[in-house]
Structures are given as structure tokens and as C-alpha cells.
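On a predicted model such as this, the values are computed, not experimentally measured, just so you know.
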Amino acid sequence: MKKNLIALALSGLLSLSSTSILAADTAPQQSIQATVEYSQFITKRQVVDQLLADAVSAFKSPARISHAGFTAKMPSNMEIVTNRLLEAYQLEPYRTDLLISAANAQIYNKNVDRAIELFEQVLAVAPQDVDAHAYLAVWQQFKGNSQASLEHMNALKSLNAGRADDIQRIFDTVNRIVATPLKEKQDKAYEGNTAIITLGYALNPDGSMHDILVQRLEMTLAMAKAEPDSLIVLTGGVPRNHKTEGKLMADWLVEKGIARERIIEDNYARSTVENALYSSYALARHDIDHATIISSASHVRRGQALFEIASWQTGPKGITFDTVSAADKPLDELKVPSDGELLGIYRDALRTYGMWSYRSYPLEQR
């Protein structure tokens, strides 16, 4: 009898919010619907576990969608991720990790105001939470709320001066990069050990390379011939039809006459964050002094910011970066980054730095 009452109570608590969530996501091929009847579970732990499993399912499906400068999840599915996490939080109100994960799902959906509300809920429970203050310092700055951002930076300084210094360094890095004009070709020679880094792009369903990726490779080929001593790092590992970007890019360059021993393939990175994290070890191993990043014009600034941040921990000490842009859009249109591009830069900068976006097992991802 007691078990039945618990099940009925939990079912009643969740049914209203679940119904409203599902009703909001009726567009075809845009959402993953739960098929589990929560009332079958007996304990609160079982309900929370199933809600998190539903969040993981929505997060993983459908597969990534890709544009020249952005690889992401379907927005409607990220709404489901947020709502399932918040339903779990209603049952486990000490789990502030659920709030942080839900807030970052909203960042993915470009709903920064909603994310800020959720990060502030974290501070209402844990006013000394260093991560929450760091997130709020960044996102209030992004929204143009300088005073609010400064308040969180001051809180960070009192709680963890090192973290405050790192967030300020991220601000300075991003500001410098977005103020640097984009260019379509290398305009100077660099001393020391140099590298060319070409960022991958999602393959076509049949496993062939997209025209955007070929455009990046053509630019890589020209630079590789002009700089015959430069190492070449090719990074991209989202498989399609049992093929990866890194391997296909390497084969393409070798067919064009580039020596394979110059090439390092990264066939594992699934995002720009992982491009930077994985490739930074190759740069450190070969003691690279300067690296040029090649990607689409709408993407290279994010790439440079992430590679610089990744190098803070791996080295090599003093390494510098610049970019060359494959013009997916006229460069004049991209002189000032859009809010969407800047959001992506800050979001992924924090992830590269080490602040995991999703930290609620089994939904865990940097």
C-alpha cells in the first residue's frame, strides 16, 4: 500500500510538467518523446534515474546538424533535456548539478536570459559556488550587463582568485581575437617550428567530404606548398559511413602530393572543443612555436580562442596562433562577430577551459 502511494504521488508530481513539455514539442522530426510511464517506478531515485535517461536520449538524438561554423543538437531536443533535468531537480532539490546542466542546455539554445535565471538559482542554494559565479560573470558580460558581471567577478576574487584571473584571461583573449581582422591568406612568415591546423567539417551521409571541407583543404594545400617545413594537423572525428574527416583529409592531401610524414591525423574529435584539446598535445609534442588555423570564416575566431585556451595547460609555452579563412561568407559581413558567433566562442571557451557543460550522470559532457 505504501509503495502504491509513493508511485501515485510521484506520478502526480510529474504528469503535469511532462504533459506540457510534450505538447510543446509536436513538430515532426524535432523531438524525442518519452515512452516510459513513470508511475511504474516505486522510489524517487528510480524516477530521477529515468528522467536523466530521457534527457540523455534527447541529447543524443537526432544526430548532429552542421553548418559552416556551428555543429549542434536540434534545439527542440535541448528543450527536452532542460525540462527533464528540471523535473529531476524538483525531486532532488539539493542536486545543483541538475540546474547547471539545464542552464547550459539553454545556452546551447541561445536562450541566455533563461540560463542566467537557472545559474542564479544555483547561487540561491549555494551562494559560494565558484562555477556559478564564473558562468554568471561571462553571460552577464555577454548580455552587456557590465555591473552584474563585475559583481560576480568580485565574488570570484574573494572565493578563488585563480579562477577570477582565468576568467579575465578568457575575456582578454576573446576581445583580442574578435578585434583582429579576418584574412584569406597568410600575410607574414613565422620563425621556429610551425604548424598548419585544418579543422574538419561534418561529412556527407555517404561518407564523402562536403564542399566546405574541400574548400578548407584547398587552402591547406596551397599553404603546405608555400611552407614545406610546417607540420600539418588535420582534426575531425565524427564518423559517417565508417569514415572520418581526419583520414579523408589526409588521403586528399597525399593524393595532391603532400608527404604523409608531415601529417598528423586526429580522428577522434567530435567538436571544435575536442579539436583544440586533442590537437594541442600534438603541438606540444612537436614543440610548435606558431600555428595557423584554417577553417571557414564564420568559425576561425572560435577555433583560435579554443586553441589558445587549450594551450594554457598543455603548452608549448609561448606558442602563438593566427588564422586563415575559407570564405563561406564575404569577410566584410563578418568584421564584427554576430551574437550567435560570440555566444559560441564564450560557450566553448568555458568548456575548453574545463568547466563541463553537462555534469549530471549519465549526462556528462565537457
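- Distance alone, capped at 3.5 Å, places no donor-acceptor pair between the Ser57 side chain and the Ala53 backbone.
- Between the side chain of Ser325 and the main chain of Ser296, no donor-acceptor pair closer than 3.5 Å is present.
- When the shell of 6.0 Å around CZ of Arg176 is examined, it contains more than 12 heavy atoms from other residues, nucleotides or ligands.
- The two residues Pro127 and His133 come nearest to each other via the heavy atoms O-NE2, 2.9 Å.
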* So Phe142 and Ser149, side chain to side chain contact (heavy atoms under 4.5 Å, CB included) or not? Walk me through it. -> CA-CA 9 Å; Phe142 170 81; Ser149 176; over 6 Å; no

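- Under the 4.5 Å side-chain heavy-atom criterion for grouping Ile, Leu, Val, Met, Phe, Trp and Tyr, Met355 is not connected to Val273 through any hydrophobic cluster.
- Between the side chains of Ser357 and Gln365, no donor-acceptor pair of N or O atoms lies under 3.5 Å.
- Going from atom CD1 of Ile345 over to atom OG1 of Thr173 covers 11.5 Å, rounded to the nearest 0.5 Å.
- Nearest heavy-atom pair across Leu86 and Ala102 is CD2-CB, 3.9 Å.
- Contact between His290 and Thr292 at its shortest, heavy atoms only, is NE2-OG1, 3.6 Å.
- Under the 4.5 Å side-chain contact rule for hydrophobic residues, Ile319 and Val233 share a cluster.
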* To do: Go through Arg240 and His210 one step at a time and tell me if the side chain to side chain contact (heavy atoms under 4.5 Å, CB included) criterion holds.
  => CA-CA 12 Å; Arg240 298 300 294 269; His210 194 283; over 6 Å; no

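- Heavy-atom neighbours of Arg45 CZ from other residues, nucleotides or ligands within 6.0 Å: at or below the threshold of 12.
- With 3.5 Å as the limit, one finds no donor-acceptor pair spanning the side chains of Gln50 and Gln46.
- Contact check on Lys183 versus Asp322 returns a salt bridge, with a Lys/Arg side-chain nitrogen under 4.0 Å from an Asp/Glu carboxylate oxygen.
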* Before giving the answer on side chain to side chain donor-acceptor pair (under 3.5 Å), spell out for Asn83 and Glu87 the whole-Å C-alpha distance, their side-chain angles and the decisive distance to 0.1 Å. => CA-CA 6 Å; Asn83 288 320; Glu87 288 176 356; over 6 Å; no

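- Under a hydrophobic-cluster definition in which Ile, Leu, Val, Met, Phe, Trp and Tyr are linked whenever side-chain heavy atoms come within less than 4.5 Å, directly or via other members, Met209 and Leu221 are assigned to the same cluster.
- Contact detail for Asn104 and Tyr358: the closest heavy-atom pair is O-OH, 3.7 Å.
- Ile232 places a side-chain heavy atom less than 4.5 Å from the side chain of Leu253.
- A continuous path of ILVMFWY side-chain contacts below 4.5 Å connects Met219 to Ile196, so both sit in one hydrophobic cluster.
- At a threshold of 4.0 Å, the pair Arg163-Asp131 counts as salt-bridged, since one of the basic side-chain nitrogens sits closer than that to a carboxylate oxygen.
- One N or O on the side chain of Ser311 and one on the backbone of Glu308 form a donor-acceptor pair closer than 3.5 Å.
- At a threshold of 4.5 Å between non-hydrogen side-chain atoms, the residues Ile107 and Tyr135 do not count as touching.
- Inspection of the Gln106 and Asp113 side chains reveals no N or O donor paired with an N or O acceptor under 3.5 Å.
- Around CD of Gln128, the count of heavy atoms belonging to other residues, nucleotides or ligands within 6.0 Å does not exceed 12.
- Once rounded to the nearest 0.5 Å, the distance linking CD1 of Ile309 with CZ of Arg351 reads 12.0 Å.
- Side chains of Thr82 and Met78 form no contact here, defined as non-hydrogen atoms less than 4.5 Å apart.
- The cluster map of Ile, Leu, Val, Met, Phe, Trp and Tyr, joined by side-chain heavy atoms under 4.5 Å apart, puts Leu136 and Trp356 in different clusters.
- Across every non-hydrogen atom of Arg301 and Val336, the tightest pair is NH2-C, 4.4 Å.
- Annotation: side chain of Met153 is in contact with side chain of Phe171 (closest heavy-atom distance under 4.5 Å).
- The shortest distance between side-chain heavy atoms of Met223 and Val324 falls below 4.5 Å.
- Using a distance-only test at 3.5 Å, with no hydrogens or angles considered, no donor-acceptor pair links the side chain of Thr194 to the main chain of Tyr190.
- With a 4.5 Å cut-off on side-chain heavy atoms, Asn193 and His286 do not count as touching.
- A donor-acceptor contact closer than 3.5 angstrom is absent between the side chains of Asp211 and Gln215.
- Between the side chain of Ser271 and the backbone N or O of Glu274, at least one donor-acceptor pair lies under 3.5 Å.
- Looking only at distances, a side-chain donor or acceptor of Ser279 sits under 3.5 Å from a matching main-chain atom of Asn275.
- A distance of 13.5 Å separates CG in Leu52 from CZ in Phe59, rounded to the nearest 0.5 Å.
- Atom-to-atom distance recorded for Arg169:CZ and Trp312:CH2 is 4.5 Å, nearest 0.5 angstrom.
- Side chains of Glu79 and Asn109: a donor on one and an acceptor on the other come within 3.5 Å.
- No donor-acceptor pair under 3.5 Å is formed between the side chain of Asp129 and the backbone N or O of Leu123.
- Contact check for Thr235 versus Thr198: no side-chain heavy atoms found under the 4.5 Å cut-off.
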* Evaluation steps, salt bridge (Lys or Arg N to Asp or Glu O under 4.0 Å), between Glu265 and Arg260 -> CA-CA 10 Å; Glu265 299 175 27; Arg260 192 173 288 275; 3.6 Å; yes

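- Annotation: cation-pi geometry satisfied between Lys256 and Trp252 (NZ/CZ under 6.0 angstrom from ring centroid, within 45° of ring axis).
- Side chain of Arg216 to backbone of Ser295: no donor-acceptor contact under 3.5 angstrom is found.
- The CD atom of Glu92 sits 10.0 Å away from atom CG of Asp97, with the distance rounded to the nearest 0.5 Å.
- Put simply, the side chain of Arg366 gets close to the backbone of Thr352: a donor and an acceptor are under 3.5 Å apart.
- Taking each heavy atom of Leu203 and Lys243 in turn, the nearest pair found is CD1-O, 3.6 Å.
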* Quick one: do Ile197 and Ile294 satisfy side chain to side chain contact (heavy atoms under 4.5 Å, CB included)? Show the steps, please. => CA-CA 6 Å; Ile197 304 168; Ile294 296 176; over 6 Å; no

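- For the atom pair Gln90 CD and Leu85 CG, the distance stands at 11.5 Å (nearest 0.5 Å).
- For Ser360 (side chain) and Leu363 (main-chain N/O), no donor-acceptor pair under 3.5 Å exists by modelled atom type.
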* Asked: Given Glu341 and Arg302, is the side chain to side chain contact (heavy atoms under 4.5 Å, CB included) satisfied, shown in steps?
  -> CA-CA 8 Å; Glu341 182 184 354; Arg302 179 153 57 104; 5.8 Å; no

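- Under the 4.5 Å side-chain criterion, counting only non-hydrogen atoms from C-beta, Gln141 is not in contact with Asn145.
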